[in-house]
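Not measured: the values here are computed from a predicted model. Note: hydrogens, waters and symmetry copies are ignored here, and every other heavy atom, side chains too, is used.
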Amino acid sequence: MPILLNTFTKNIADYYWLNDDYIIFSAEDKIMISEIHNKNNVNVVTFPQTIALVDQENIAIQKPIIYLNDQSKKLYILTQSTLLVSERL
């Protein structure tokens, strides 16, 4: 049975399955994680538009390219010529 996750005015660029219940994707300048189920409302979490780096600087997420490493479960985000790596998701 198809499940409507959400409606977007922008195209989804990259998407990866985190597991059987969650998908992570990017659309325009946003990175989101969504539940995949048909129990009731589908929850969607949007990553912050600005990320604080270790050196106390901030970087705005702009047209990110994302990649999820299935083995490490780390998310790689390329934005503004900077490669960011998440903790294990």
Side-chain angles (χ1 to χ4, degrees):
M1 173 178 173
I3 301 168
L4 177 62
L5 299 178
N6 209 326
T7 56
F8 299 100
T9 57
K10 305 294 181 188
N11 289 336
I12 293 175
D14 301 309
Y15 57 92
Y16 297 93
W17 291 99
L18 289 173
N19 56 36
D20 290 342
D21 299 315
Y22 295 92
I23 188 169
I24 187 165
F25 57 93
S26 64
E28 193 65 21
D29 291 338
K30 296 182 180 177
I31 300 171
M32 294 169 260
I33 296 178
S34 178
E35 291 178 316
I36 308 295
H37 64 66
N38 58 359
K39 295 176 187 170
N40 47 22
N41 294 342
V42 174
N43 293 315
V44 178
V45 174
T46 303
F47 280 46
Q49 291 296 113
T50 302
I51 295 178
L53 304 177
V54 175
D55 62 4
Q56 305 302 318
E57 289 190 36
N58 293 330
I59 187 166
I61 300 299
Q62 296 177 349
K63 297 186 178 162
I65 298 171
I66 63 171
Y67 170 74
L68 178 69
N69 183 305
D70 284 332
Q71 292 179 347
S72 69
K73 293 297 183 193
K74 290 184 178 183
L75 180 67
Y76 293 82
I77 304 167
L78 180 62
T79 184
Q80 299 189 55
S81 300
T82 301
L83 182 63
L84 308 170
V85 181
S86 75
E87 295 179 4
R88 183 177 172 85
L89 299 178

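To the nearest 0.5 Å, the span separating OH on Tyr67 from CD1 on Ile77 amounts to 14.0 Å. Separating the CG atom in Leu84 from the CG atom in Leu75 is a distance of 9.0 Å, to the nearest 0.5 Å. In this structure, CG in Asp14 is found 10.0 Å from CD1 in Ile24, a value given to the nearest 0.5 Å.
Under the 4.5 Å side-chain heavy-atom criterion for ILVMFWY residues, no single connected hydrophobic cluster contains both Ile12 and Ile33. In the hydrophobic clustering of this structure, Ile31 does not group with Val45; members are Ile, Leu, Val, Met, Phe, Trp, Tyr whose side-chain heavy atoms approach within less than 4.5 Å, directly or through other members.
Within the 3.5 Å criterion, the main-chain N or O of Gln71 finds a donor-acceptor partner in the side chain of Asn69.
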Result block: side-chain N/O donor-acceptor pairs under 3.5 angstrom for residues 47-62, not counting sequence neighbours:
| from | atom 1 | to | atom 2 | distance (Å) |
| --- | --- | --- | --- | --- |
| Gln49 | NE2 | Asp29 | O | 3.0 |
| Asp55 | OD1 | Glu57 | N | 3.1 |

Check: residues 15-22 side-chain donor-acceptor pairs under 3.5 Å, at least two apart:
| from | atom 1 | to | atom 2 | distance (Å) |
| --- | --- | --- | --- | --- |
| Tyr16 | OH | Ile66 | O | 3.3 |
| Asn19 | OD1 | Asp21 | N | 2.7 |
| Asn19 | OD1 | Tyr22 | N | 3.0 |

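In terms of heavy atoms, Glu28 sits closest to Pro64 at O-CD, 3.2 Å.
Within 6.0 Å of NZ in Lys73 there are more than 12 heavy atoms belonging to other residues, nucleotides or ligands.
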